[in-house]
Amino acid sequence: MNGIVEFVRTLGAARLAAMGAVAAALIFFFLFIIARVTTPAMAPLFTELSLDDSGRIVRELETQGIQYEIKHDGATIMVPKDKIARTRMRLAETGLPRGGNVGYEIFDRTDTLGTTSFVQNVNRVRALEGELARTIRSIDRIAAARVHLVIPERQLFSRDQQEPSASIVLQVRGSLEMSQVRAIRHLVASAVRGLKTERISIVDERGQLLADGSSETTSGITGMEERNAAFERKMKEQIEAIVTSVVGANRARVTVSAELDYTRIQQTSDSFDPESRVVRSTQTREEQSTTANSQNNDGVTVANEIPGNNQPRNPQQQQPQQPRDNARKTEEVVNYEITRTTRTETLEPGRVKRISVAVLVDGNYTKGNNNEVAYAPRSKEELDRITALVRSAIGFNEKRGDMIEVVNLRFAEPTVIPPASADTGFLSMLRFTTDDIMRFVEIGVMMILGLLVLLFVVRPLVRRVITPEENATGALAPAAANVPALAPPGGQHQAVAPPLAPAAPSPRAESDHPAARLIESAQIQGEAHQKSMQKVGELVQNNPQETVSVLRQWMNERTA
């Protein structure tokens, strides 16, 4: 302990302070490296958050004691990667994030006893708008949504009922297709009672009108274009799927052009079958008549009609029998029913008038012995097979004027041939993800930085602290060498003069007399001896104990 205390005293206050500063800097640096290395990898918990949601999520994370980081002015919150799933489930239990909209949780408050009906209706509309905005935001390509509903109040004793309407503002990533816009309109219309799709207007964040709230049917220009594009896209996907399965992925390009007929036609036709007849009704009529050519006295005469001239007739007077004419007529009417077929056809719009398909396929690539890729075109038989497959896929009809063109050309960028065999076994275990590689890079940078600090910061500081002691110890050797050899008692003092470096010849001294040069040399030697004696005296005064020990050693050697 005495040696340690003596060593500390010999260091001095300045060197102790320097050593303390170096130690503190090293401790702080290595603590920073350890903390950085041991810090878990952070990953985004939620992105594109509103300030309201960010504040609620941060408070909840602090309550749960979960480490977090805030980036992009609160729009992104980072948490340890291994806690993302559990943290999201816990936040979902509390209804976070809310997306900046208030949903049905507005009715979870219990202080609604004295709330008026007007406030309840307003809260109902707010909740419905918030829930619809959340649902729309869950659709792909939609970053944010805001919904405004106008739901008229039901008036008593009113015959005319106003229809509800809605307006939606979307923040879109990229662009939306018309089918997605229609899906949003039907989604909102189905969620609000009495709301029709024609009463919904949709605008994006650039002010572009996506749906103007007017009646839109597929017979319009927009509907026809969309239907035509959808048909072409469907046919293209089918052709690409069947062609790429033969030639390989990314080695075929397909273009489809279709002409559709949007004329609505309604036809009605009647057909009769004369061979197929059935008796429907039969009507028979028979007439019979008799006539006689005779003159009867009892006929009506003028005399008989005169009043008072009623003479009795003689019943015995018989007239001779006269011949008679008999007539008979029979009429028959038969009605037949002929088979009749009535056919009514309605041809809906969207019929295919003509299809044109262009298919461009790449050739074959082979790898030679010198690892050079060689191109070879495809054979005519193979192109014919591909053409037959395309015909079957589109339903080729020559009467419609359909056209199919399959061409084999070399692509500008040749396909890279994958290696023959993949690494398996131990090498497959060395496949790291991007996160693992970035973690290794971070650790390597920290280690290199630590080595640089040790070599270029710590080492010079330690050497600077130790160097003054070495210089003080080494300074005694040249000074002791100049100490004159003290003769033992009774002897003569013999001073050992230090070796003097030869004086540089002066140009002026060479031109002088030799005696002058001897005098100048004697003066230089005298000054050197005087300086040596002064240094010896200073050493004796500063180190009396060492001087005494040297003298005793000399005396012992002389006595021996």
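Of the possible polar contacts, none joining the R199 side chain to the G194 backbone as a donor-acceptor pair under 3.5 Å is found. Proximity of a side-chain donor or acceptor of S190 to a complementary backbone N or O of L187 within less than 3.5 Å is not detected. For the pair R141 (side chain) and L176 (backbone), a donor-acceptor distance under 3.5 Å is absent. When atom types are taken as modelled, the side chain of N408 and the backbone of V361 share a donor-acceptor pair closer than 3.5 angstrom. Side chain of E331 to main chain of E286: no donor-acceptor pair is present (N/O by atom type, distance under 3.5 Å, no hydrogens or angles). With hydrogens and angles disregarded, no donor-acceptor distance shorter than 3.5 Å links the side chain of D204 to the backbone of L170. In this structure a side-chain-to-backbone donor-acceptor pair under 3.5 Å is present from R185 to T197.
With respect to E287 and R328, no salt bridge is recorded, no charged nitrogen being found less than 4.0 Å from a carboxylate O. No salt bridge links K353 with E259; every basic N to acidic carboxylate O contact stays at or beyond 4.0 Å.
For T87, the side-chain contact (heavy atoms from CB on, under 4.5 Å) partners at least two apart in sequence or on another chain are L45, L61, I66, K83, L91. Shown here are the side-chain contact (heavy atoms from CB on, under 4.5 Å) partners of Q162, two or more places apart in sequence or in another chain: P152. Every salt bridge (charged side-chain N to carboxylate O under 4.0 Å, His left out) that E345 has, sequence neighbours left out, goes to R343. For E405, the side-chain contact (heavy atoms from CB on, under 4.5 Å) partners two or more places apart in sequence, or in a different chain, are V407. By the salt bridge (charged side-chain N to carboxylate O under 4.0 Å, His left out) test, K329 is found to be paired with no residue, residues two or more places apart in sequence or in another chain being considered. For E62, the side-chain hydrogen bond (donor to acceptor under 3.5 Å, both in side chains) partners at least two apart in sequence or on another chain are Y68. Scored by the salt bridge (charged side-chain N to carboxylate O under 4.0 Å, His left out) test, R264 finds E348 as partners (sequence neighbours excluded). Partners of T341 according to the side-chain contact (heavy atoms from CB on, under 4.5 Å) rule, which considers only residues two or more places apart in sequence or in another chain, are S271. Every residue two or more places apart in sequence or in another chain was checked for a side-chain hydrogen bond (donor to acceptor under 3.5 Å, both in side chains) with Q67, and none qualifies. For D270, the salt bridge (charged side-chain N to carboxylate O under 4.0 Å, His left out) partners two or more places apart in sequence, or in a different chain, are R340. Under the rule for a ring pair (Phe, Tyr, Trp, His ring centres under 6.0 Å), the partners of Y375 that lie at least two apart in sequence or sit in another chain are Y365.
T255 places none of its side-chain heavy atoms less than 4.5 Å from the side chain of V357. The side-chain heavy atoms of F411 and N250, taken from C-beta on, include no pair separated by under 4.5 Å.
Between I355 atom CD1 and F231 atom CZ the span is 4.0 Å, to the nearest 0.5 Å. Rounded to the nearest 0.5 angstrom, M42 CE and T76 OG1 are separated by 12.0 Å. Taking NZ of K380 as the start and CD of E382 as the end, the distance is 12.5 Å to the nearest 0.5 Å. Atom CZ of R193 is separated from atom CD1 of I151 by 10.5 Å, given to the nearest 0.5 angstrom. The structure places CD1 of I394 at 11.0 Å from CE of M403, a figure rounded to the nearest 0.5 Å.
Pairs engaging residues 228-241 under the salt bridge (charged side-chain N to carboxylate O under 4.0 Å, His left out) rule: none recorded [sequence neighbours left out].
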Check against side chain to side chain donor-acceptor pair (under 3.5 Å), R354 and S356: CA-CA 7 Å; R354 185 172 178 269; S356 299; 3.1 Å; yes

Check step by step if salt bridge (charged side-chain N to carboxylate O under 4.0 Å, His left out) holds for R134 and E131. CA-CA 5 Å; R134 294 176 184 176; E131 294 294 334; 3.5 Å; yes

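Within a 6.0 Å sphere centred on CD of E398, heavy atoms belonging to other residues, nucleotides or ligands number 12 at most. Around CD of E332, the count of heavy atoms belonging to other residues, nucleotides or ligands within 6.0 Å exceeds 12. Remark: R86 CZ is loosely packed, at most 12 non-hydrogen atoms of other residues, nucleotides or ligands lying under 6.0 Å away.
Of all heavy-atom pairs between L128 and A191, the closest is CD1-O, 4.3 Å.
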